Amino acid sequence: MMPGGDQEPGSYYVGVDVGTGSVRAALVDQRGILLAFADQPIKRWEPQFNHHEQSSEDIWAACCVVTKKVVQGIDVNQIRGLGFDATCSLVVLDKQFHPLPVNHEGDSRRNIIMWLDHRAITQVHRINETKHSVLQCVGGVMSVEMQAPKLLWLKENLRETCWDKAGHFFDLPDFLSWKATGVTARSLCSLVCKWTYSAEKGWDDSFWKMIGLEDFVADNYSKIGNQVLPPGASLGNGLTPEAAKDLGLPAGIAVAAPLIDAHAGGLGVIGADVRGHGLACEGQPVTSRLAIICGTSSCHMGISKDPIFVPGVWGPYFSAMIPGFWLNEGGQSVTGKLIDHMVQGHAAFPELKAKAAARCQSVYAYLNSHLDLIKKARPVGFLTVDLHVWPDFHGNRSPLADLTLKGMVTGLKLSQDLDDLAILYLATVQAIAFGTRLIIEAMEAAGHSISTLFLCGGLSKNPLFVQMHADITGGNGKNEQSWEGCVSQT
Ligand SMILES: Nc1ncnc2c1ncn2[C@@H]1O[C@H](COP(=O)(O)OP(=O)(O)O)[C@@H](O)[C@H]1O
Ligand SMILES: O=C(CO)[C@H](O)[C@H](O)COP(=O)(O)O
């Protein structure tokens, strides 16, 4: 936990961010100044290939740990509000709100199908074959990472142990706000972006009937949400006494309707005050900015005044992130996870770990300085002229929207020393940056006009990742001089 500066007594706000690997809390004052930060890892299970599960009780317990840490030493009666964001994973509870197993083993601790779970491949193919009009708002092709295919998988595979007993299917952000307030209303952000809900027309009965989930229509969508609130709206009577006890806060504190994690990151950086930094976007509309939230995955959030349909890019989603604006969301399903995978799986990783530990550095800081050594006088990018990575190890989310794609490395040699590891790491980072460039090109071809990238999330702590994004997206020959990379670390 980082102690805060010498703030005057005033109002405090607590934000809780649930990522794929950990839960983070921040305490800020009324000016948005960060006073304290804490994080806590969360459990993940991978019972079989492409099945990824978590526990809603474990995640709630982690939310409580980090919240208690950030409010230590302050007058909790001065806390004016609490908000959650989280990954867009699917939480399943029974009619009494108890966890239900989403697995064949019947382990009810594991009641979350994570966002990156690809178990529902046959289901999503069938959904896409319907060519239903709701698919126009997800780039033309529904992703296996969205909720409809996962729900259909549960109905077809765990009928008795899960589907028939289920009373509530929540997106993880909405689960957290329910847990805090007892209010089952869903956020417009999660329903529009992951559940095919339209901000203007509501649910489309014909879609759910066509894909075989007519059950939801019959009970007026009570299990997936029939009360929808804009992100930030105040929920019910605020924090319940039970949740207040869990979190170490007074009951009644206002709790905001939540956001998906990428959308919270997008909201946080896209409106940044950039005056005085000489950036290309100074004086330009916010629609010229692209937020890239890069952690386990990368999400590319661009906004527009009018709807823009970008093939292979999710959206346009109205008011799902910034009120009154349409959102397009491009994405790469594994970026931080891919870099970790490549580095940790290399034969020289034990040597890297030992050398980085001896210098009290992260393995990435060590690799970056090692690349600086071996590049000699040449720009670092030239180290990979004959080594190339195709980064779609977990399919391609955007703009190819093809979950069957796989990863590839060309240019391998027999040596497996630290130099090879460093160069493979560089080629992976470059491949991810080229993926971002493809997404930007697709968005621009459809009508977006983007001049500045704003990066946040764990990967933005890596200067090489940021530099490669600036170099590779800036070199597209169109507006080479005006591209900028901005970093906001979260
Ligand atoms: N200090 C660091 N230097 C370089 N990369 C980092 C650093 N810390 C985290 N990362 C990268 O960021 C990723 C995790 O980002 P994070 O935002 O914490 O993820 P999530 O929100 O999905 O839990 C890791 O997979 C790792 O590759
Ligand atoms: O689909 C997404 C947002 O719409 C994200 O990829 C998902 O929520 C996971 O985020 P993170 O990589 O930050 O853990």
Side-chain angles (χ1 to χ4, degrees), residues 16-24 37 39-44 52 54 59 62 66 84-90 112-118 138-139 142-147 150 171-173 187 189-195 258-268 291-301 313-315 317 320-321 327-344 356 360-369 371 391 394-395 397-398 425 428-429 432 455-468 487-490:
V16 180
D17 167 42
V18 179
T20 299
S22 64
V23 173
R24 282 78 57 153
F37 172 81
D39 63 358
Q40 173 82 3
I42 45 180
K43 292 195 183 104
R44 278 183 283 178
H52 296 266
Q54 283 183 320
I59 289 174
V66 290
F84 295 91
D85 72 71
T87 61
C88 47
S89 299
L90 177 67
I112 298 182
I113 303 184
M114 290 180 71
W115 62 272
L116 78 170
D117 184 301
H118 281 193
V138 290
M142 180 169 284
S143 165
V144 68
E145 294 172 9
M146 292 189 167
Q147 308 298 17
K150 290 173 175 158
D171 219 88
L172 183 54
S187 164
C189 175
S190 33
L191 288 198
V192 167
C193 298
K194 306 291 169 173
W195 299 69
L259 285 154
I260 298 170
D261 55 354
H263 301 66
L267 179 67
I292 309 184
I293 293 71
C294 35
T296 303
S297 62
S298 288
C299 301
H300 305 69
M301 323 298 280
V313 171
W314 297 342
Y317 299 136
M321 187 173 85
L327 168 69
N328 283 108
E329 177 180 351
Q332 294 163 290
S333 289
V334 287
T335 51
K337 188 176 168 69
L338 177 63
I339 296 171
D340 299 344
H341 175 81
M342 297 298 260
V343 169
Q344 290 165 15
C360 297
Q361 277 185 324
S362 77
V363 290
Y364 297 112
Y366 189 94
L367 283 173
N368 292 351
S369 56
L371 284 168
H394 199 51
R397 195 190 277 182
S398 315
Y425 154 74
T428 306
V429 171
I432 292 167
L455 272 62
C456 65
L459 284 169
S460 68
K461 293 179 200 157
N462 185 343
L464 181 83
F465 185 87
V466 178
Q467 188 61 55
M468 288 300 122
V487 189
S488 163
Q489 293 182 1
T490 58

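As the structure lists them, so they are numbered: ligands from 1, and atoms in each ligand from 1. Please read all numbers here as calculations on a predicted model, not as lab measurements.
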Q. Counting N and O atoms only, with roles assigned by atom type, does the side chain of Ser187 sit under 3.5 Å from a partner on the main chain of Pro258, one being a donor and the other an acceptor?
A. yes
Q. In ligand 2, which numbered atoms sit nearer than 4.0 Å to a non-hydrogen atom of Thr296?
A. 12 (O)
**Q.** Pairwise side-chain contact, Thr87 with Thr296, heavy-atom cut-off 4.5 Å (strictly under)
**A.** no
Q | Check: Asp261 and Ile293 side chains under 4.5 Å, non-hydrogen atoms | A | no
Q | Nearest-0.5 Å distance that lies between atom CD in Gln54 and atom CG in Leu90 | A | 12.0 Å
Q.
Donor-acceptor check, side chain of Ser89 to backbone of Trp115, threshold 3.5 angstrom: yes or no?
A. yes
Q) Hey, is ligand 2 close enough to Trp115 that some N/O pair sits below 3.5 Å? A) no
Q.
With rounding to the nearest 0.5 angstrom, report the CD to SG distance, Glu329 to Cys299.
A. 5.0 Å
Q. Has Lys194 got any heavy atom lying under 4.0 angstrom from an atom of ligand 2?
A. yes
Q) Do Tyr364 and Leu464 touch side chain to side chain, with heavy atoms closer than 4.5 Å? A) no
Q: Record the part of Asp261 in heavy-atom contact with ligand 2 below 4.0 Å; permitted values are side chain, backbone, both and neither.
A: side chain
Q: Find all atoms of ligand 1 within a distance of less than 4.0 Å from any non-hydrogen atom belonging to Gly336, and give their numbers and elements.
A: 25 (O), 27 (O)
Q) Short N/O distance, under 3.5 Å, between Asn462 and ligand 1? A) no
Q.
If the cut-off is 4.0 Å to any non-hydrogen atom of Tyr364, which atoms of ligand 1 fall inside it?
A. 3 (N), 4 (C), 5 (N)
Q. So which protein heavy atom does atom 3 (C) of ligand 2 come closest to, and at what separation?
A. Glu329 OE2, 3.3 Å
Q: Determine whether Thr20 and Arg44 make a side-chain contact, defined as any pair of heavy atoms from C-beta on separated by less than 4.5 Å.
A: yes
Q.
So for Cys88, does at least one of its heavy atoms come nearer than 4.0 angstrom to any atom of ligand 2?
A. yes
Q.
With heavy-atom distances below 4.0 Å as the criterion, list the atoms of ligand 2 near Ile260.
A. 3 (C), 4 (O)
(Q) So is Arg397 touching ligand 2 or not, going by heavy atoms under 4.0 Å? (A) yes
Q) Can you tell which of Ser298, Cys299, Ser333, Ser297 gets a heavy atom nearest to atom 12 (O) of ligand 2? A) Ser297
Q. So, is Thr20 polar-close to ligand 2, with some N/O to N/O distance under 3.5 Å?
A. yes
Q: Could you check if a side-chain atom of Glu145 sits within less than 4.5 angstrom of a side-chain atom of Cys88, using non-hydrogen atoms only?
A: no
Q) Which atoms of ligand 2 sit under 4.0 Å from any heavy atom of His263? A) 4 (O)
Q. What are the atoms of ligand 2, with element, lying closer than 4.0 Å to any heavy atom of Ala262?
A. 3 (C)
Q: Determine whether Phe37 and Arg24 make a side-chain contact, defined as any pair of heavy atoms from C-beta on separated by less than 4.5 Å.
A: yes
Q: Could you pull out, from Leu116, Thr87, Thr296, the option with a heavy atom nearest to atom 22 (O) of ligand 1?
A: Thr296
Q: Give yes if a backbone or side-chain nitrogen or oxygen of Thr87 is under 3.5 Å from a nitrogen or oxygen of ligand 2, and no if not.
A: no
Q | Mode of Arg24 contact toward ligand 1 - side chain, backbone, both, neither (heavy atoms, under 4.0 Å) | A | side chain
Q) How about Met146 and Trp314: do any of their side-chain heavy atoms sit closer than 4.5 Å? A) yes
(Q) Quick check on Ile293 - does any of its heavy atoms sit under 4.0 Å from an atom of ligand 2? (A) no
(Q) Less than 4.5 Å apart, side chain to side chain, heavy atoms only: is that true for His263 and Asp85? (A) no
Q) Where does the angle between the aromatic ring planes of His52 and His394 fall among parallel (under 30°), tilted (30 to 60°) and perpendicular (over 60°)? A) perpendicular
Q.
Does any N or O of ligand 1 fall below 3.5 Å from an N or O anywhere on Thr20, backbone included?
A. yes
Q: Kindly compute the distance separating CH2 (Trp195) from CD (Gln147), expressed to the nearest 0.5 Å.
A: 5.0 Å
Q: Compute the minimum heavy-atom distance from Ile339 to ligand 1 and say whether it is under 4.0 Å.
A: no
Q: Mark up the atoms of ligand 1 that fall under 4.0 Å of a heavy atom belonging to Gly21, in ascending order.
A: 23 (O)
Q | ligand 2-proximal atoms of Gln332, by part, heavy-atom distance under 4.0 Å | A | neither
**Q.** Polar proximity ligand 1 side, Gly458 side, N/O cut 3.5 Å exclusive
**A.** yes
